[in-house]
Novice: 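Can you read through this structure? Questions will come right after.
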Amino acid sequence: MFLIKNLTRISPTSSSIVTRFRSTGSYTLASRFCTASETQIQSPAKIPNGVDRSQYAGLAPTREGEKPRVVVLGSGWAGCRLMKGIDTNLYDVVCVSPRNHMVFTPLLASTCVGTLEFRSVAEPISRIQPAISREPGSYFFLANCSRLDAEAHEVHCETLTDGLNTLKPWKFKIAYDKLVVASGAEASTFGIHGVMENAIFLREVHHAQEIRRKLLLNLMLSDTPGISKEEKKRLLHCVVVGGGPTGVEFSGELSDFIMKDVRQRYSHVKDDIHVTLIEARDILSSFDDRLRRYAIKQLNKSGVRFVRGIVKDVQSQKLILDDGTEVPYGLLVWSTGVGPSSFVRSLGLPKDPTGRIGIDEWMRVPSVQDVFAIGDCSGYLETTGKPTLPALAQVAEREGKYLANLLNEIGKANGGRANSAKEIELGAPFVYKHLGSMATIGRYKALVDLRESKDAKGISMTGFVSWFIWRSAYLTRVVSWRNRFYVAINWFTTFVFGRDISRI
């Protein structure tokens, strides 16, 4: 409601009040917002046809005496790391995102089965960058960006609402001095029929909540008197499509849940619940052959069945492979990688070979001024001669850190204002060095590969020691001490008392 109140239409009387504030030189919260009429005066940008002009209030361009404004689209690894590192003495920070938290994705699979609680992997934006909740010129808006006007240095946004029976979405504009697009990517479905309607992805907290509710519902329904044997087996068949780290880690967590908790608390169905992992090629393709063979062996011991095939069609209760095999399922989790989002595709910006926003070695979008892109939504242009970096959390985090330092240097050189950084020396370009990969596979076992590539020399290990390293590394990478405490306590209580199987 705070956002709506501050973006509501301002009457002519109210406009004069705002003007009075400005004329006295007292810049208050109200003075940073403008009405639709004021926006038209201050910016040549046109409001899209068919849109109520009275709705288009927003943040006006910054003035002399105010700090330059950095607008960040997204609250993922890249955007949050940038906001954490940006110098708020130099810039005001405005974040626009459909969620008010960052998701610690490496531990998201653990929340699906109750190993961790959902709050343990969600870090509020205001804790990552306190200026957003304290500074008068910094804000967080729960909204989606619908359009970019690079010439006018403005983004057009629309507030997010819960369902159809809530507030009507509010449209507004934000003027920026520097824009960072860090909106991430969306799950790849490869155009396969039925995926969006029937599968559950594992990228957000609400996905994990949906998986947990569906899993526990199927467990309880399968014990209902009168249910057929075939229907019982279908309900208790969990299918994971995609053999990357997310799919493998979820399969391992799910097999642990079945072996340690389901067999104790749902003993009537313990022999009917199964997990199948479907992958078109090799699982964990970024790891070497020895580690992959170890992972398959351990997953098989845990009861996970590995099927090599390509999904051709997904129906409400079964999927069909390329060889015609029908696979009934009660829970379908889709984890086949990511691709450009519809928002990224809609932007009239140059693209890399994979369809992501094209950038140079300094994270800039070369065709427009003051626009940067980081994370899964961006990739190097072909003219740079560099390959597109993988869509990994460590890539996004380090791009965010690099760009925060770059913007800080630009701000110190008086280049923070719009169109004022053309002649500033940017320094060394971004260089990515792979720090290695880790994945847990259940039963207190994991894979750790600390080599820069599969062909390079370095440390790679498996087993309990790797699992301990995996847990220790991610515990230290959790953003706040509060969430580190949550994670440690959740791990301890799960070890002592088992997982929580309440369906809430």
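Nothing fancy with the numbering, it's 1 onward along the sequence. Any value given below was found using the heavy atoms of this structure, including those in side chains, with hydrogens, waters and symmetry copies removed.
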Novice: Shortest non-hydrogen contact from Asp352 to Tyr380?
Specialist: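 What the structure gives for the nearest pair is CB-O, 3.3 Å.
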
Novice: Val241 versus Leu319: any side-chain heavy-atom pair under 4.5 Å?
Specialist: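 Side-chain contact under 4.5 Å: yes.
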
Novice: Evaluate whether atom CD of Glu197 has more than 12 neighbouring non-hydrogen atoms of other residues, nucleotides or ligands under 6.0 angstrom away.
Specialist: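 Counting other residues, nucleotides and ligands, CD of Glu197 exceeds 12 neighbours.
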
Novice: Please enumerate all residues that pass side-chain contact (heavy atoms from CB on, under 4.5 Å) together with Pro245, with sequence neighbours excluded.
Specialist: Leu284

Novice: If you draw a 6.0 Å radius around CZ in Phe468, do more than 12 non-hydrogen atoms from other residues or ligands fall strictly inside?
Specialist: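 At most 12 heavy atoms, drawn from other residues, nucleotides or ligands, come within 6.0 Å of this atom.
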
Novice: Looking at Pro68, is its backbone amide N or carbonyl O close enough to the side chain of Asp92 to form a donor-acceptor pair, meaning the two atoms are under 3.5 Å apart?
Specialist: no

Novice: Quick check: are there more than 12 heavy atoms from other residues, nucleotides or ligands sitting under 6.0 Å from CZ of Arg482?
Specialist: yes

Novice: Could you walk me through whether Trp334 and Asn198 pass the side-chain contact (heavy atoms from CB on, under 4.5 Å) test, one step at a time?
Specialist: CA-CA 10 Å; Trp334 194 271; Asn198 301 297; over 6 Å; no

Novice: Taking everything shown except Lys351 itself, do over 12 heavy atoms lie less than 6.0 Å from its NZ?
Specialist: yes

Novice: Is it the case that the ring center of Trp470 lies less than 6.0 angstrom away from the ring center of Tyr474?
Specialist: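 Distance test on ring centres: under 6.0 Å, yes.
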
Novice: Other residues, nucleotides and ligands only: do more than 12 of their heavy atoms fall within 6.0 Å of NE2 on His206?
Specialist: yes

Novice: Closer than 3.5 angstrom, by distance alone: can the side chain of Asp370 be matched with the main-chain N or O of Asn419 as a donor-acceptor pair?
Specialist: yes

Novice: Which value, rounded to the nearest 0.5 Å, describes the distance between Leu216 atom CG and Ile211 atom CD1?
Specialist: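 Taking CG in Leu216 and CD1 in Ile211, the distance rounds to 11.5 Å.
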
Novice: Side chains of Val181 and Ser378: does their closest heavy-atom pair fall under 4.5 Å?
Specialist: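 No, too far: nothing below the 4.5 Å cut-off.
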
Novice: Does this structure show an ion pair linking Asp177 with Arg69, if we count only N-O contacts that are shorter than 4.0 Å?
Specialist: no

Novice: Has Glu253 got a side-chain atom pairing as donor or acceptor with Ser110's backbone, closer than 3.5 angstrom?
Specialist: no

Novice: More than 12 heavy atoms of other residues, nucleotides or ligands under 6.0 Å from CZ of Arg345: is that the case?
Specialist: yes

Novice: Find out whether Cys95 and Ile132 are in side-chain contact, i.e. whether some heavy atom of one side chain is under 4.5 Å from a heavy atom of the other.
Specialist: yes

Novice: At their closest point, which heavy atom of Val240 faces which heavy atom of Ser251, and how far apart are they?
Specialist: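 Reported closest heavy-atom pair: CG2-OG, 3.7 Å.
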
Novice: The test is side-chain hydrogen bond (donor to acceptor under 3.5 Å, both in side chains); show your working for Arg290 and Ser460 and say whether it passes.
Specialist: CA-CA 9 Å; Arg290 182 179 67 86; Ser460 62; 3.0 Å; yes

Novice: Starting at CD1 of Ile200, measure out to CG of Leu331 and round the result to the nearest 0.5 Å.
Specialist: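 Answer rounded to 0.5 Å: 5.5 Å.
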
Novice: Ignoring hydrogens, what is the shortest heavy-atom contact between Leu142 and Asn100? Give both atom names and the distance.
Specialist: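 Closest approach of Leu142 to Asn100: CD1-N, 4.1 Å.
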
Novice: Ignoring hydrogens and angles, tell me if any N or O in the side chain of Arg364 forms a donor-acceptor pair with the backbone of Pro366 under 3.5 Å.
Specialist: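 Not a single qualifying donor-acceptor pair exists.
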
Novice: Measure from the ring center of His153 to the ring center of Tyr176 and say whether it is less than 6.0 Å.
Specialist: yes

Novice: In sequence, state the C-alpha distance, the side-chain angles, and the governing distance for Ile410 and Leu426, and then conclude on side-chain contact (heavy atoms from CB on, under 4.5 Å).
Specialist: CA-CA 7 Å; Ile410 291 174; Leu426 298 181; 3.9 Å; yes

Novice: Does a donor on one side chain sit under 3.5 Å from an acceptor on the other, for Arg417 and Thr62?
Specialist: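 Per modelled atom types, Arg417 and Thr62 side chains form a pair under 3.5 Å.
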
Novice: Main chain of His274, side chain of Arg305: is a donor-acceptor contact present, judged purely on distance under 3.5 Å?
Specialist: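 No; zero donor-acceptor contacts below 3.5 Å.
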
Novice: Flag the pair Leu160 / Pro98 as yes when at least one side-chain heavy-atom distance between them is below 4.5 Å, and no otherwise.
Specialist: yes

Novice: Taking NZ, NE, NH1 and NH2 as the nitrogens, is one of them in Glu397 or Lys84 under 4.0 Å from a carboxylate oxygen of the other?
Specialist: no

Novice: Test side-chain contact (heavy atoms from CB on, under 4.5 Å) on Glu158 and Asn144; report intermediate values, then the result.
Specialist: CA-CA 5 Å; Glu158 183 174 307; Asn144 285 309; 5.5 Å; no

Novice: Contact between Gln298 and Thr462 at the side-chain level, heavy atoms closer than 4.5 Å - yes or no?
Specialist: no

Novice: Does Arg499 make a cation-pi contact with Phe257 (under 6.0 Å, within 45 degrees of the axis)?
Specialist: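 Arg499 over Phe257 ring: no.
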
Novice: Are any non-hydrogen side-chain atoms of Ile128 and Arg81 less than 4.5 angstrom apart?
Specialist: no

Novice: Quick one: are Tyr432 and Gln394 in side-chain contact, heavy atoms under 4.5 Å?
Specialist: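 A side-chain contact under 4.5 Å exists here.
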
Novice: To the nearest 0.5 Å, tell me how far Trp467 CH2 sits from Tyr444 OH.
Specialist: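 Here the rounded value is 6.0 Å.
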
Novice: What's the spacing between Gln264 CD and Lys270 NZ if we round to 0.5 Å?
Specialist: 10.0 Å

Novice: If you count heavy atoms of other groups shown closer than 6.0 angstrom to CE of Met196, is the number above 12?
Specialist: no

Novice: Could you check whether Glu123 and Ser480, counting side-chain N and O atoms only, form a donor-acceptor pair closer than 3.5 Å?
Specialist: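 Note: Ser480 and Glu123 side chains meet the donor-acceptor criterion.
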
Novice: Can you check whether Glu117's main-chain N or O pairs, donor with acceptor, with Asn490's side chain at less than 3.5 Å?
Specialist: yes

Novice: Please check if the side chain of Asp87 supplies one atom and the backbone of Asn408 the other of a donor-acceptor pair under 3.5 Å.
Specialist: no

Novice: Other residues, nucleotides and ligands only: do more than 12 of their heavy atoms fall within 6.0 Å of CD on Gln315?
Specialist: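 Atom CD in Gln315 is crowded, with more than 12 foreign heavy atoms closer than 6.0 Å.
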
Novice: Show, in sequence, the C-alpha distance, side-chain angles and deciding distance for Val195 and Phe190, and conclude whether the side-chain contact (heavy atoms from CB on, under 4.5 Å) test is met.
Specialist: CA-CA 9 Å; Val195 174; Phe190 304 103; over 6 Å; no

Novice: For Arg212, is there an ion pair with Asp500 - N to carboxylate O distance below 4.0 angstrom?
Specialist: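 Between Arg212 and Asp500 there is a salt bridge, with a charged N closer than 4.0 Å to a carboxylate O.
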
Novice: For Val304 and Ser255, work out which heavy atoms get closest and say how close.
Specialist: CG2-CB, 3.9 Å

Novice: When rounded to the nearest 0.5 angstrom, what distance separates CD in Glu186 from CZ in Phe201?
Specialist: 8.5 Å

Novice: Find out whether His237 and Val327 are in side-chain contact, i.e. whether some heavy atom of one side chain is under 4.5 Å from a heavy atom of the other.
Specialist: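 Result yes, sub-4.5 Å side-chain heavy-atom pair found.
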
Novice: Could you give the distance from CE (Met363) to CG (Leu82), rounded to the nearest 0.5 Å?
Specialist: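 Here the interatomic distance stands at 11.5 Å.
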
Novice: In plain terms, say whether Lys173 and Asp149 are close enough for a salt bridge, that is, a side-chain N and a carboxylate O under 4.0 Å apart.
Specialist: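 Result for this pair is no, no salt bridge flagged.
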
Novice: Yes or no on side-chain hydrogen bond (donor to acceptor under 3.5 Å, both in side chains) for Arg134 and Ser126, after CA distance, side-chain angles and deciding distance?
Specialist: CA-CA 9 Å; Arg134 298 175 185 172; Ser126 58; over 6 Å; no

Novice: Sub-3.5 Å donor-acceptor pair from the side chain of Thr494 to the main-chain atoms of Thr115, do we have one?
Specialist: yes

Novice: Check Trp362 against Gly427 and note the closest heavy-atom contact, atom names and distance.
Specialist: NE1-O, 2.9 Å

Novice: With distance as the sole test, does Ser146 use its side chain to make a donor-acceptor pair with the main-chain N or O of His156 at under 3.5 Å?
Specialist: yes

Novice: Angle between ring planes, Phe104 versus Trp77, binned at 30° and 60°: parallel, tilted or perpendicular?
Specialist: tilted

Novice: Looking at Glu452 and His434, would you say the former's side chain and the latter's main chain have a donor-acceptor pair under 3.5 Å?
Specialist: no

Novice: Which pair of heavy atoms, one from Ala122 and one from Val205, lies closest together, and at what distance?
Specialist: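 It is CB-CG2, 4.5 Å.
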
